[in-house]
Novice: 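What follows is a single structure, and I will ask about it in a moment.
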Amino acid sequence: MSGGPMVQISIESACEKQVQEVALDGTETYVQPLSMSQNLAKLAQLIDFGQGSASEDEGGEGEARGQEWGKQEQEEDEATVKFQPSLWPWDSVRNNLRSALTEMCVLYDVLSVVKEKKYMTLDPVSQDSTVGKTPPVLQLLGKKKSLATAAQLLLKGAEKLNKSVAENQENRRQRDFNSELLRLRSQWKLRKISDKILGDLSYRSAGSNSLQGRFFPHQGTFEVIKNTDIDLDKKIPEDYCPLDVQIPSDLEGSAYIKVSIQKQAPDIGDLGTINLFRRQLKPKSGTQPWHLKLEAAQNVLLCKEIFAQLSREAVQIKSQIPHIVVKNQIISQPFPGLQLSISLCHSTGDKKNQKSTPDKNKPDDHLYVLEHNLHQLMREFHKQTLSSVVMPHPASAPFGNKRMRLAGPMAYDKAEITSLQQSEGLLEKIIKQAKHIFLRSRTARTIDSLASRIEDPQIQAHWSNINDVYESSVKVLITSQGYEQICKSIQLQLTIGVEQIRVVHRDGRVITLSHQEQELQDFLLSQMSQHQVHAVQQLAKVMGWHVLSFSNHVGLGSVESIGNASAITVASSNGEYSRNGPESGCKVMVQFPRNQCKDLLKSDVIQDNKWNYLRWPHKEVHWSKMEGRNFVYKMELLMAALTPCP
Amino acid sequence: MCLTLCVYVCVREIVIVFRARSVSQVPVAEGKSVQQTVEMLNRKLEQLGAVKQGNFCVDCETYHAGAIGNPGQPPKFLYVMHNSEAPLSCFALFENGPCLVADPNFDVLMIKLKSYFQNAKSNKVESRGARYQYCDFLVKVGTATMASSARGITVEVEYCPCVTANDCWNLLMEFMQSFLPSHVPGVPSVFGVKTDGVYSPSDTMAQYLELFSKLRKQQAATGSGMR
C-alpha cells in the first residue's frame, strides 16, 4: 500500500444555489439567495394574522385552536395597547380582568372535558402493562433458569482450571526422566559417551589440575542411570526420582579434615580442635537425592586432595623436627611440646566411626580465627593454581607468575625475583599460623596470671584489634593504683610474631624474647620492680625531696634470682634520708641525723656541735606494718611523715 | 694493564633497584700473577669486614652486524652481555649506542638471526669472581678472561642506597681507596651522559663493555702474554 503514487483529493463545496437557467453558451445563472429582510418577509407571509376572533364564543371546539386564538388575541391586544399607551386610566384594570377571564375560560374548558368526555378525553401517559400482570411463580422460575445458565458457565470454567492444575501436579510427581536430567545438567557437568551419560565432579575447572593434579589424578566421574524399577500399578512414593547417580566407590560417605593443636606438657591445655569442611547436609524439601549424593562425594574428593597436597609437602619440606605422616594423619611439632595434627576423617556409609569426636565442641576450644584462616588458605590454594597458568598469557612467556615476565626487561636482581616468587607451601603456612596462635595465647595467659597474682604494681594489657595472621601486638602498662599520672614510666609494646616476642621499651630499648614463657615472666617481674623505684623517683619530685642517687641495677646487696635489684636514695629538705631497694621484696631504710636519735650514747668524742648533724646508721622500716594500699602510697605517707614542718 | 675504574652509583628506589656501580680494572701488581692479585684483593676485603656472598659472572659475546659483503661500511658490532646480578635478563648494546634489556629468549632470537648477525666466537670475554657485601656496598672482584686466558682484573663497586650517579662518586672513590692498592680512576664516561642522573643496569653493562673492549685492544696490540 505504501509507495504508491500520491492520490490527489480535491474538495468541492456542494452547490448551494439553485440554477435558474443555463445559457446557450453554458453559463449558469443562479438564483440569488434571499437577503435577510426578504427571508423575514417570506416567513412572515406564512403567518395567518387574519384568524384573530373573540375568545368568549368558544364552545368545546378544539381547545388547541382556542388556545391559539387566545394567545393571538392577547398578542393583538398587547400590540394595540402598545400603540395607544395612555388612552384611558381604566386600561390596566381592563387588561387584568381580561386575562383573568381567559384563565377562567381555560379552566372551564378543561373541567368540561374531564366531566363530559364527549369530544375530548384526558388520556394518561402509557405505562408498561406487563408489570404486575405475570404471577410470581413464573418470575421465580425465570430467575432460576437464568441463574442455572450462569452457574453452568462458571462450573465449566472451574472444571477446566482444576484439570490443568491436576495435570501439573501429576507431571511434577511423575518426574520425567528428561526433565530431571535437565535439572541435573544445570548444576553439574555432564557429557554423553556412546550410550552412557557421565558427569564430572572434580575441581578441575576450579584449578585443581595442572601441577597438583598430576599427583592426584582422581577422575571424579559419576554415571547417570535411569531408575526403571518402578511399579506403575502401585502408588508412586514421595521421594521417587527417575534418575540415579552412581559415584565411584572411594568417594562414598562423607569426609572432613580435622586440625588440632595439643600441648603435651600439662601447664596449659590443648588449644583446640577444628573440623574443616564438615557439613551436615540437611536436605531441603526441594533438593533431589542425587544432588546430596554428588555434593557429599565432591566434599570427599576435596578433602582427599587437600590432604594429599599436605602430606606431599610434609614429606618434601625440611624442618628441624621432621613431620610424621601416618596413614591419614600428619603430625608435626611447631614447638617442642606442642603437637599439631591434621587428619582426614572419612566415614563411609552408615557405619558409625568410633573414633569420631563428638559433635559438640567446647566454646573456648574452637579456634574461630584459625578455622577461618585455614578455609582461606584452602581456597587460595585452588585459586593460585588456576590463575597462574591459565590465559591470557603471551605465547612466548614462561609459565608462572605474571610479574616474572617483567624480570627480564627490567633487569631484576635476585632479591626482587625471590620476592616475586612464592616459596611457602600450604603446610608451612598452617604451621606458622598454629605457632603464632599458640604463642599469642600463651603470652596472654602469662600476662593474665601475673596480673592476678601480683597486686602491688598493677599490670594492664591492651591488645590491639587489628592483627595479622602471623603477628599480633599488645601494650603492657605497669602502674600503681592511684598514682597513674605520676608513675607511667614503664610502658612496653610487645609484638608477638611466629616464633619470637619483640619488646619495645618506652626508653627505646628493643628486647627480643624467645617463645619460652619463663623469659617473658621474668622480664615482666623485673620491670615491675623497676617500676617501684621509678615511682619513688617521681614521688620525690612531687613531695619536694631530692633524689640523691638512682640506679636501675645495683651491684650491692644480695644477688637476685631474676633480673637485678634497683635502688634509690632520696633526701628530704632537712636531711632525712630514705633508701629502698625492691625486687625480692622492698626494703626501705630511713636515716636520721644523729641528734634525733633517741638511743644515743653521749660520748666525749664529739667535740663540736656540728658533728651532731651527721647521719646515723640506717634503720629499717617495718614495711608490712605501714599503712597504705600499695608501695607508692606507703612511700608517700612515709615521706610525708618525715618531711619537716616549716 | 691499565686501570679503568668505572664507578656505578646505584640508588635503591621502592619499585626499581638501580645501583650505582663502578667497574674498574685493577692493574696486576708487579711480579705477581692475576690470580695472586685477585686473592690479595679478596683478603683485603675480608679484612675490611666484607662477607662473601657467592660468585658472579659477566660475559660478553660479539656479533658482526650487517652483511659481510658490504665493503664500504665499517663493521658494526653488536654485543650481547649477561650479568649474573640480573639472572633473567639479557643485554644487547652497540658501542656508544643504545642498550636493550631483554628476556633470555633474546639469545635464541640471535641464533635465529644467524644470517644477519654472525657470532664471533673467539671474541667472547667474561669476568668471573667472588661477590662481597660490606654493609651498603657490594664489591665484585673478577678475573677477565678471553679464550680461557686471564687478561685482567675487574673490580665492580656498588653502592646500593643511591640512584643518582653523580652524588656518590666521592663516596665510592673513598671506599675504593680503602682497599685498592693504587690510584682510583676518574669518573666513568657514562656519568656525564646522564641527563637526569638516574642510574640504570644498562649503564653497568656499558661500563663493562668499555672495559672489555680495552682489554681486547690491549690483547691485539701487545699480543699474548701479560706484562
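Reckoned from all heavy atoms, side chains included, excluding hydrogens, waters and symmetry mates. Residue numbers start from 1 in every chain, and the chains themselves are labelled A, B, ... in the order their sequence lines are given, proteins ahead of strands.
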Novice: If you round to the nearest 0.5 Å, how far is CG of B:L88 from CE of A:M410?
Specialist: 13.5 Å
Novice: At a 4.5 Å cut-off on heavy atoms, which part of B:F91 comes close to chain A: side chain, backbone, both, or neither?
Specialist: side chain
Novice: Is B:S202 close to chain A through its backbone or its side chain, or both, or neither, when contacts mean heavy atoms under 4.5 Å?
Specialist: neither
Novice: Provide the closest heavy-atom pair for B:P87 versus A:Y412 in the form atom of the first, atom of the second, distance.
Specialist: CD-O, 3.8 Å
Novice: Which atoms form the tightest heavy-atom contact between A:P409 and B:D103, and what is the distance?
Specialist: CD-OD1, 4.0 Å
Novice: What closest approach, in Å, do B:S89 and A:A407 show between heavy atoms, and which atom pair accounts for it?
Specialist: OG-O, 3.2 Å
Novice: Above 12 or not: heavy atoms from other molecules or residues under 6.0 Å from CD of B:E174?
Specialist: no
Novice: Take a 6.0 Å sphere around CD of B:Q35 and say whether it holds more than 12 heavy atoms from other residues, nucleotides or ligands.
Specialist: no
Novice: Could you tell me which non-hydrogen atom of B:V101 sits nearest to which non-hydrogen atom of A:G408, and how far apart they are?
Specialist: CG1-O, 3.3 Å
